[in-house]
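Structure, as structure tokens:
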Amino acid sequence: MSGLWDDLVVGEGVRPSYDELAALVAAQAVELARARDEITALRAEVAALKRRLGKNSDNSSMPPSSDRFGKPAPSHCAAKPDVNRASSPARP
């Protein structure tokens with residue numbers, strides 16, 4: 001099996017032994033399994049957060065005051081600037 005492993009060099013021109021390569025593969029397999037478990041858990045968390053984000057007072061038992069994002073407030077509820085306030089004389 002020459003050719004494929006010829007360029008694999010560790011340190012100063014020393015090739016790893018079969019046992020070192022086997023240990024490296026085993027360590028990588030453990031790390032890969034841990035990463036897969038973490039990905040699975042994170043996907044479940046994202047799905048739960050997406051479900052929570054999709055809830056509002058229309059599709060849950062939450063009161064309308066708990067709606068943070070979504071429909072904007074009606075225009076009659078928007079604060080109107082008081083134009084005359086700035087030009088009013090100061091009160092004693």
Side-chain angles (χ1 to χ4, degrees):
M1 287 185 68
S2 65
L4 182 63
W5 300 103
D6 290 348
D7 295 333
L8 183 61
V9 176
V10 177
E12 299 177 16
V14 179
R15 288 185 176 197
S17 68
Y18 175 83
D19 291 336
E20 291 169 329
L21 290 174
L24 178 63
V25 169
Q28 289 175 338
V30 169
E31 179 62 21
L32 181 59
R34 188 206 56 78
R36 284 183 175 156
D37 291 344
E38 185 176 357
I39 289 169
T40 301
L42 290 172
R43 284 183 176 161
E45 184 178 352
V46 167
L49 290 172
K50 283 183 177 181
R51 281 191 302 274
R52 284 182 57 195
L53 185 61
K55 287 186 178 181
N56 59 34
S57 62
D58 292 336
N59 60 12
S60 71
S61 61
M62 298 187 313
S65 61
S66 67
D67 289 345
R68 292 187 179 177
F69 308 107
K71 301 178 201 172
S75 60
H76 69 275
C77 293
K80 297 179 184 174
D82 188 3
V83 177
N84 296 330
R85 187 175 192 174
S87 61
S88 302
R91 295 186 182 167

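It should be emphasised that the depicted structure is a prediction, and the values quoted were computed from it without experimental measurement.
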### Message
Can you list everything that forms a side chain to side chain contact (heavy atoms under 4.5 Å, CB included) with Thr40? Sequence neighbours excluded, please.
### Response
none
### Task
Sequence neighbours left out, what passes side chain to side chain contact (heavy atoms under 4.5 Å, CB included) with Gln28? Give chain and number order.
Leu24
### Task
Write down the atom of Glu20, the atom of Arg15, and the distance for their closest heavy-atom approach.
OE1-O, 4.3 Å
### Message
Show every salt bridge (charged side-chain N to carboxylate O under 4.0 Å, His left out) that has at least one partner inside residues 25-38, sequence neighbours left out.
### Response
Glu31-Arg34, Arg34-Glu38
### Message
Test of understanding: with side chain to side chain contact (heavy atoms under 4.5 Å, CB included), list the residues that count as partners of Arg43, not counting sequence neighbours.
### Response
Ile39
